[in-house]
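Report on one structure; see the data block that follows.
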Amino acid sequence: MKKITLFFLSLLTATSLLAQTAEDALVLSRDLYEGTARTMAMGNAFTALGGDLGAISINPASSGVMGYSQFTFTPSLTIGNSRVNYLGTETSGGKTGLTLSNLGAVLSFNTGRYSGLVNFNFGFVYNKRNNFRSAANVSGSTSNSSMLSAIADGVSGYDWHSLDPAYTSDPYFDTYAPWPGILAWNAYALAPLADVDDKYYTVGDRYAAPTQNYDPATDELYIGGKLNQRFNRRTYGGTNDFTFNFGGNISDFLYFGANVNLLSVSQTTEEFYEEKADNPKQFEARNFISMDNSFWLRTTGTGVNFKFGVIAVPVGGLRIGATFTTPTWYKLRNEWDYTMNTAFDVAYDGKKNYTVSSPAGIYTYRMKSPMRVSAGIAYTLPGVGLISADYEKAFYSQTRLSSINRDESEFKDDNALISKNFSNANIFRVGLEALVSPVISLRTGYQYHSAVFKEDTDPIKYSYNLCGDAATHVFSAGLGFNLNAWLSLDLAWAGAFSSERFTLYPDYYTSVDNATFKMAPTGTNKFSQNKVVCTLAFKF
């Protein structure tokens, strides 16, 4: 029993009381730290630097570098954009919102010593770990494939009685049938092959969609005419990191720290898909006009992990840092529902239009996201500036899904997919800061997050969404103003960019004997997310 989170992912997979997929586990496991304006401007390359509240989530030893108490506040503006090419048609979409990237305080306690434990610090920091804000619009026309055809193929093998509430009291929860297939059956958008004006032959538990005509010469189903397809997707929310930190300074040579990280997840997805006939009379089954399907999903939950870090200063100006992060143990809850509308030019039982809504689905489950390790090196030149570089490795192949009772058997297929096809991702970060004057600093940075699917894995085969896996590039720049000894103002911009392939529905069989396979059309999505942040920092 496996709940597919995205509408188009659920076409060929049985859905019932289910949970989450490998692709969704990837989305929730990825980290794109925001932090303060200073850390963001420098590409978050702070594993070896520390000394900033935004860096505590990157390396807990960052607080040990501070010989003072500090408070920071960082509001941000996030703009998510996409430019999509699908079936030769280009569309764009965007979503803008205000959020909080960082809020925190560190209290520093000086021991009065010059060797041994010089100072120790306690900190509490809120950081935005991942921002899901995005929007995508897709449109195009084709006479070669349709989502309804994929839905029909997806329920092949299910007796139609199992889809109909007149025979099965609750087909959504009492059967393993895909929910879109149940909706389509009850919206009169599916029929056994022998029941569509006697034009089709009955071959087992096979179904035809009203977008399909039958060619007896080839014994195949084909799309009757041009279909105008349209898809919209909006995503909100993010992953928030609440960090309780302890750090210390040993002889101004070794800095250490440990975090207890409590994570909060909230992601809302709204999707709408429509396919509309250019000429209904070309479709033999009741002159098909249109079908649209709306899908809503909200994922919420909490998690916990532990992070440990050190920073060493072997010689003046040179710093070396390293961290280890345990897996994150999540408890998550999914809520979802569907609505399907269909329209025909020929009435059946006195009706041409139908609306069917699913019940609300709710499922609670657990996820263990991967452990991480990182190393960094930095060099500072007093009065001039600094340069810093990080390397981080995330072991995505170790991600696991399980039931609320920690039983992985319900997710056997997903966990096998993760182990086989997810790689251990590499993350590189580099940052540069130049002191223009005692008051003004210029900063820039770059991050590279490698793709998680292995090189010999085709993401299209496993991911039918608009936020599929791809390498991500993040460019950043900023300004810093030291207004006085206790107050500073920092500004930063960061832009994340990726280009991904997608399909709106899976490939499907077009012949009643499963001999011919129809490839769904693919598109490309060039996604960007721009952030503008401002940090006020008070030292005391």
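Because the structure is a prediction, the values reported are computed rather than measured. Values below: every heavy atom of this structure, side chains too, minus hydrogens, waters and symmetry copies.
Counting only heavy atoms from C-beta outward, the side chains of S57 and Y126 never approach each other to under 4.5 Å. Counting heavy atoms from C-beta outward, V106 and L53 have side chains that approach closer than 4.5 Å. Between S357 and D337 the shortest side-chain heavy-atom distance does not fall below 4.5 Å.
Sequence neighbours left out, the pairs with a member in residues 371-391 that pass salt bridge (charged side-chain N to carboxylate O under 4.0 Å, His left out) are D31-R372, R372-E392, D390-R429. Listed by first and then second residue, the salt bridge (charged side-chain N to carboxylate O under 4.0 Å, His left out) pairs involving residues 476-493 are R443-D490 (not counting sequence neighbours). Under the ring-ring contact (aromatic ring centres under 6.0 Å, His included) criterion, no residue pair touches residues 32-65, with sequence neighbours excluded. Among residue pairs with one or both ends in residues 241-254, those qualifying as salt bridge (charged side-chain N to carboxylate O under 4.0 Å, His left out) are R129-D241; sequence neighbours excluded.
Annotation: the span from L263 atom CG to N130 atom CG amounts to 10.5 Å, rounded to 0.5 Å. Taken to the nearest 0.5 Å, the OG atom of S134 stands 8.5 Å off from the CG atom of N525. Separating the CG atom in N85 from the OG1 atom in T522 is a distance of 9.5 Å, to the nearest 0.5 Å. Considering CG of L386 and OG1 of T380, their distance stands at 6.5 Å, rounded to 0.5 Å.
A donor-acceptor pair under 3.5 Å is formed between the side chain of S358 and the backbone N or O of Y338. Distance alone, capped at 3.5 Å, is enough to place a donor-acceptor pair between the R366 side chain and the I404 backbone. At distances below 3.5 Å, at least one donor-acceptor pair connects side-chain atoms of N59 with backbone N or O atoms of T47. The backbone N or O of G116 sits less than 3.5 Å from a side-chain atom of S251, completing a donor-acceptor pair. Between the D407 side chain and the S409 main chain, a donor and an acceptor come within less than 3.5 Å of each other.
Side chains of S488 and N482: no donor on one and acceptor on the other come within 3.5 Å.
Evaluation of the side chain to side chain donor-acceptor pair (under 3.5 Å) rule for T323 yields S374 as partners, not counting sequence neighbours. Checked against side chain to side chain contact (heavy atoms under 4.5 Å, CB included), V65 has the following partners two or more places apart in sequence or in another chain: Y255, I311, R319. Remark: S101 engages E34, S76 in a side chain to side chain donor-acceptor pair (under 3.5 Å) (not counting sequence neighbours). With sequence neighbours excluded, the residues satisfying side chain to side chain contact (heavy atoms under 4.5 Å, CB included) with S419 are R400. Annotation: side chain to side chain contact (heavy atoms under 4.5 Å, CB included) contacts of K539 (sequence neighbours excluded): Y68, Q70. Qualifying side chain to side chain contact (heavy atoms under 4.5 Å, CB included) partners for L381, counting only residues two or more places apart in sequence or in other chains: Y379, V384. Residues passing the ring-ring contact (aromatic ring centres under 6.0 Å, His included) test with F109, sequence neighbours excluded: F120.
Closest heavy-atom contact between F132 and Y236: CB-O, 3.9 Å.
For the pairing with N249, the side chain to side chain contact (heavy atoms under 4.5 Å, CB included) check across L117, N119, T111 returns one residue only, N119. Each of T364, T299, T300 was evaluated against N334; a single residue qualifies, T299, per the side chain to side chain donor-acceptor pair (under 3.5 Å) test.
Taking the six-membered ring where tryptophan is involved, the planes of Y86 and F502 are essentially parallel, since the angle between them stays under 30° and well short of 60°. In this pair, F497 and F475 present their aromatic rings tilted. The plane angle is within the 30 to 60° band.
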Below 3.5 Å, can you tabulate the donor-acceptor pairs from side chains in residues 527-536 to any protein atom, sequence neighbours excluded?
{"from": "Q529", "atom 1": "OE1", "to": "K531", "atom 2": "NZ", "distance (Å)": "2.9"}
{"from": "Q529", "atom 1": "NE2", "to": "N131", "atom 2": "O", "distance (Å)": "3.3"}
{"from": "Q529", "atom 1": "NE2", "to": "R133", "atom 2": "O", "distance (Å)": "3.0"}
{"from": "N530", "atom 1": "OD1", "to": "W493", "atom 2": "NE1", "distance (Å)": "3.0"}
{"from": "T535", "atom 1": "OG1", "to": "A37", "atom 2": "N", "distance (Å)": "2.8"}
{"from": "T535", "atom 1": "OG1", "to": "T74", "atom 2": "OG1", "distance (Å)": "2.7"}

Evaluation steps, side chain to side chain donor-acceptor pair (under 3.5 Å), between S108 and S69: CA-CA 5 Å; S108 181; S69 298; 5.3 Å; no
Verdict with reasoning, N81 to S92, per side chain to side chain donor-acceptor pair (under 3.5 Å): CA-CA 7 Å; N81 290 301; S92 60; over 6 Å; no
Stepwise side chain to side chain donor-acceptor pair (under 3.5 Å) check, N102 with T72: CA-CA 7 Å; N102 166 270; T72 61; 2.8 Å; yes
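A salt bridge is defined here as a Lys NZ or Arg NE, NH1 or NH2 lying under 4.0 Å from an Asp or Glu carboxylate O, and E270 with R234 fails to meet this definition.
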